[in-house]
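Structure first, commentary second.
So that the names make sense, note that chain A is the first sequence line, chain B the second, and so on, each numbered from 1. Note that these values count all heavy atoms, side chains included, but never hydrogens, waters or copies made by symmetry.
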Amino acid sequence: MWPEEKIQAFRKALLDWYDAAGRDHLPWRLNNDPYRIWVSEIMLQQTQVITVIPYYNRFMALFPSIKELAEAEEDVLLKAWEGLGYYSRVRNLQKAAQQIMADYDGVFPNQPEEIIKLKGIGPYTAGAISSMAFGLPEPAVDGNVMRVFSRVFEIGDDIAKPATRKIFEGLVRVLIDPDRPGDFNQAIMDLGTDICAPKNPRPEESPIKDFNQAYQNGTMHLYPFKSKAKKPVPKTMQGIVIQSGDHFLLEKRPESGLLANFWTFPLVEENWGDWPKIEQINFLVAEPAPLNEEGMHALNTFLDEKVKMTAEQIQPAVGSLTHVFSHRKWHITVHHVVVEGMKEDLPENMQWVSRFDFPDYAFAVPQQKMWEIIWKENRKFLQSF
DNA sequence: AACCCGTGGGC
DNA sequence: TGCCCAAGGGT
């Protein structure tokens, strides 16, 4: 490790640059309120600043305090998070708020060992809150920090491995400025988003270029090392949009797993008839196609079993869409089915919902895409109701 | 440790 | 277009 003088020079170079060029306008940097910082850190997990800002402002207006967050309805929470992704974040956020109400009398705990006990707060977020809200010299090691210091110290460990984070935590514990730990952590992250970017970094502009071993040695292209992620697994599905007047049949997804608790137009995961098999999807895009006899039979069985109705009108395969998650890739062929009346003996997780009430329901992006297809293809038809 | 969990932007 | 990336955490 560097001698003490060099460490102090590093801190000064970094923080002088941060004071001059850091992003002091971000809404969560308004003050040091742990609640405001906490919510921002959860939203910022694997999500870019520019995406978070509008969600953050709306969320803080809806839930201005820990107490109001703890008492919110889950549907309202999901609606506030709609489109942000990684929805377990907001469920855990509320669980933690309830923990704080029950265990800490509604006051955010100020010790790292307590903070990390809260649901949804791991090593990074605990360090971020500890340093930024409470001025404690705790490391907050995210992707930016690993990228910056892998270059500064020419560290070739795979940053995709969980164990690698500990190496960088050890470094930051030594380097962090004890007088300004929150600013130190944020300065490294601000540096990592622009100058020390993943692609096309500009190390010659860096305030710490003299400390950057990889830059000095011409090895910038080697750092950080990151093993490749697996490709998303493709899956074909049939999306069934069932309409009765201005009402549509919605299904609530299970309470765990992908898009848990979201409302969706029913999705049938099995292939019908000669629809492309899953293993073929790597090579062809699922084109919308009319239902063959077998497919039509499967659709009527679905209607009979789930909705206990028969179709008055079927517009099969009005469109198709692809949606890529971090680990899965959905190919959905969308069908439009019009029925007469609304039978009420539905399964527990199904409801008829007026399209005018859709704004009250949380829809993940695949469902928004399904609705766009129906809306565009049937605009005139829908507006006649 | 490896897998699960979303979405949008950049190139 | 496909791939990488983003202020990660839970299990």
CG-OH distance between A:Leu62 and A:Tyr55, expressed to the nearest 0.5 angstrom
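Atom-to-atom, A:Leu62:CG and A:Tyr55:OH are 13.0 Å apart.
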
Would you kindly give the CG-to-P distance between A:Asp157 and B:dA1, to the nearest whole Å?
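Interatomic distance, CG of A:Asp157 to P of B:dA1: 12 Å.
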
Just how far, in rounded Å, is C1' of B:dG6 from CG of A:Asn261?
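Checked: the CG to C1' distance equals 16 Å.
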
Tell me if the CD atom of A:Glu113 is crowded by more than 12 foreign heavy atoms within 6.0 Å.
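More than 12 heavy atoms, drawn from other residues, nucleotides or ligands, come within 6.0 Å of this atom.
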
Please indicate whether A:Glu5 has more than 12 foreign heavy atoms, meaning atoms of other residues, nucleotides or ligands, lying under 6.0 Å from its CD.
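It does not: A:Glu5 CD has 12 such atoms or fewer within range.
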
Proximity to DNA chain B (any heavy atom under 4.0 Å), residues of residues 133-147 of chain A only:
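Hits under 4.0 Å, by residue number: none.
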
Any ion pair linking A:Arg173 and A:Glu138 (charged N to carboxylate O, less than 4.0 Å)?
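Yes, A:Glu138 and A:Arg173 are salt-bridged.
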
Sidechain N-carboxylate O distance under 4.0 Å for A:Lys12, A:Asp177:
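A:Asp177 and A:Lys12: not salt-bridged.
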
[M] and [N], which share atom name [atom1], separated by this distance in whole Å:
N      : M     : atom1 : result
B:dG6  : C:dC4 : C1'   : 15 Å
C:dG10 : B:dG8 : C1'   : 24 Å
C:dA7  : B:dC3 : C1'   : 22 Å

Over all strands shown, is [X] touching base, sugar-phosphate only, or nothing at heavy-atom distances under 4.0 angstrom?
X        : value
A:Lys228 : sugar-phosphate
A:Asn200 : nothing
A:Ile121 : sugar-phosphate
A:Val52  : nothing
A:Pro224 : nothing

Does A:Arg89 count as lying over the ring of A:Tyr86, i.e. NZ or CZ under 6.0 Å from the six-ring centre, within 45 degrees of the axis?
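Judged by the rule (NZ or CZ under 6.0 Å from the ring centre, within 45° of its axis), A:Arg89 is not positioned above A:Tyr86.
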
Criterion salt bridge (charged side-chain N to carboxylate O under 4.0 Å, His left out) on A:Glu82 and A:Lys79, from CA distance to verdict:
CA-CA 5 Å; A:Glu82 175 186 68; A:Lys79 187 67 189 175; 3.1 Å; yes

DNA chain C: 5'-most and 3'-most nucleotides touching chain A, 4.0 angstrom heavy-atom criterion
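So the outermost contacting nucleotides come out as C:dC3 to C:dT11.
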
Between A:Phe358 and A:Phe363, is the ring centroid distance below 6.0 Å?
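Distance test on ring centres: under 6.0 Å, yes.
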
Among A:Asp190, A:Asp24, A:Asp183, exactly one meets salt bridge (Lys or Arg N to Asp or Glu O under 4.0 Å) together with A:Arg29. Which residue is that?
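Among the candidates, only A:Asp190 passes.
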
